[in-house]
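Each remark here refers to the structure printed beneath this line.
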Amino acid sequence: MAPGTSGDLTGHASVLTATGVRRQFGASTVLAGVRLNIAPGEVVALLGGSGSGKSTLLRVLAGLDQEATGQIVLRGTTAVVFQEHRLLPWKRVADNVALGLSGPDVTDRVARALAEVGLAERHRAWPAELSGGQAQRVAVARALIREPDLLLLDEPFGALDALTRLRMQGLLRRLRAEHGFAALLVTHDVDEALLLADRLLVLEHGVIAEELAVPLGPTRTPDDPAFGALRRRLLDRLGVPT
Amino acid sequence: MTRATVIPPAPVAAPAVAPGVSRRPGRTQAWRRLTTPVLLVAGWELAARSGLLAPEKLPAPSTVLATGWRLTRDGTLLTHLLDSLTRAGTGLLIGGGLALLLGAVAGLLRIGDDLVDPPVQMARMLPHLGLVPLLIIWVGIGESLKVSLVALGAFFPLYFNTYAGIRDIDERLVEAARTCGLGPVARLRHVVLPGALPALFLGLRLAIGAAWLSLVVGEQVNAQTGIGFLMMEAREFSQTDVVVLGLLVYALLGLLSDVAIRTVERRTLAWRRGLRAT
Ligand SMILES: Nc1ncnc2c1ncn2[C@@H]1O[C@H](COP(=O)(O)OP(=O)(O)O)[C@@H](O)[C@H]1O
Ligand SMILES: [Mg+2]
């Protein structure tokens, strides 16, 4: 199923509208009619247990799954950051960021994108020479340079150590403030979701089982009392005793 | 102050010693590894000169070298060498080209896999050098036989490595390339080809090795030119020095081609150095 790029007839300004998204693997139904809506500039976190179908849904939304059914209306462009950096090992950092781009200004744009993730001086490095956090930052630069309206992130910091993860969350927050892209952030980290998202969705039994607004300011920290209250409520809904 | 002037020489002296120390074991080891071959050749030379080895059984290395020099000067060696190289090159081009084509078809397309791979897997069980009698019946004993043998020898290693190289490419990288807007042709160029390249180089090296071997066998069947012909003709006249010279030339060809491929490989796959370092 390829996402359509036509305008939304209902007049919503949503950057993404998905309805009735279904996906089966053999006999097991992983997505059983997912309904999802993302406004421009909105960051939505998608939570769910391991194996609940988060990655499957993200791949469908990214247009990578030809066998899913349902309707997806996409206004604008998407870019994807996966859990693994997925850089091509045989291309230098700059060439990885520039992958698929052409034009006379690509070199400048690559330099700017790398500078934004703090890796301007590593443009000649091979991916294998980077640390996990650096490689993931290059992957973020590779997505950003495409100036997406919607950034799809599949547990982008899940494989990083705690300290690097905190830095990456700060980086994402800054980039989002600068570029104003909408994002769907798949995560299993409740704190990360509360820190970055405007709205939380919980995927369970193949559908969006829970939706929760996050009425916290842009400079929120886990120390806010409101943050803690929301966290308790969320964990409660997820069935985790607190 | 005096202490400060005492300290500097030490660090200066240390690095000067360190590389020498670390290099010396490597050098002595290299020399040690040369000892036995040199002794063997010297012993061979002595045995031949003292008459211990009959010249028609095994001539002295110096005689072989002298013969090599004589045949090089009168152009004989070069003529036959060029003929052998032409056969090897033609066979390698045909067999290797076919292997790349079919390997890519089988590796990239499911229908290609279903149609191409089973017969190739079956044919691989046949020892291709054992096909000589059949090939003689099919294509005669002329040039086609030699080229066919080389092509057959080169085909299988390159086919299997092309196929495996394409199959082993990380599907997730292909997917990432798709999210970057790369179409099928661009994905082939930027993901599949470079990803399969290490396997292609391995296949090429094995193919060239098989090509030389096939050439040696092929040139013993009614050749009128070539290094193999030179050796067979010399055998009839008991010119053992020429026979040994031919062997040396074959060995050198194998060595040189391997070194050349390795050099190109090291340049082309520079990105793997970083991979190994981590
Ligand atoms: N290609 C596939 N073939 C078969 N089953 C799959 C495939 N991809 C995912 N699944 C199954 O779908 C379910 C959801 O997987 P996934 O979307 O990766 O979960 P999550 O990302 O939420 O951890 C799992 O049970 C997984 O086994
Ligand atoms: Mg997942």
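Note that the coordinates shown come from a computational prediction; the quantities given were computed from them, not determined experimentally. Order of the sequence lines fixes the chain letters, A, B, ..., with proteins taken first and strands second; residue numbering starts at 1 for each chain.
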Which bit of [X] is near chain B, if near means a heavy-atom gap under 4.5 Å: side chain, backbone, both or neither?
{"X": "A:L87", "value": "backbone"}
{"X": "A:R86", "value": "both"}
{"X": "A:R92", "value": "neither"}

In terms of heavy-atom contacts, does [atom1] of [X] have more than 12 from other residues, nucleotides or ligands at under 6.0 Å?
{"X": "A:R174", "atom1": "CZ", "result": "yes"}
{"X": "B:I111", "atom1": "CD1", "result": "no"}
{"X": "B:R167", "atom1": "CZ", "result": "yes"}

Going from [atom1] on [X] to [atom2] on [Y], what distance comes out if it is rounded to the nearest 0.5 angstrom?
{"X": "A:D65", "Y": "B:E175", "atom1": "CG", "atom2": "CD", "result": "9.0 Å"}
{"X": "B:L173", "Y": "A:K91", "atom1": "CG", "atom2": "NZ", "result": "12.0 Å"}
{"X": "A:R59", "Y": "B:R178", "atom1": "CZ", "atom2": "CZ", "result": "7.5 Å"}

Most contacts with chain A, counted as non-hydrogen pairs under 4.5 angstrom, among B:A186, B:G181, B:G195, B:A177: B:G195
Sidechain-backbone polar pair: A:W90 side chain, B:H190 backbone, donor-acceptor under 3.5 Å: yes
Over all atoms of both residues, closest heavy-atom pair of B:A176 and A:R142: CB-NH2, 3.9 Å
Closest-packed option against chain B by number of heavy-atom pairs under 4.5 Å, given A:L101, A:L99, A:I145, A:V80: A:L99
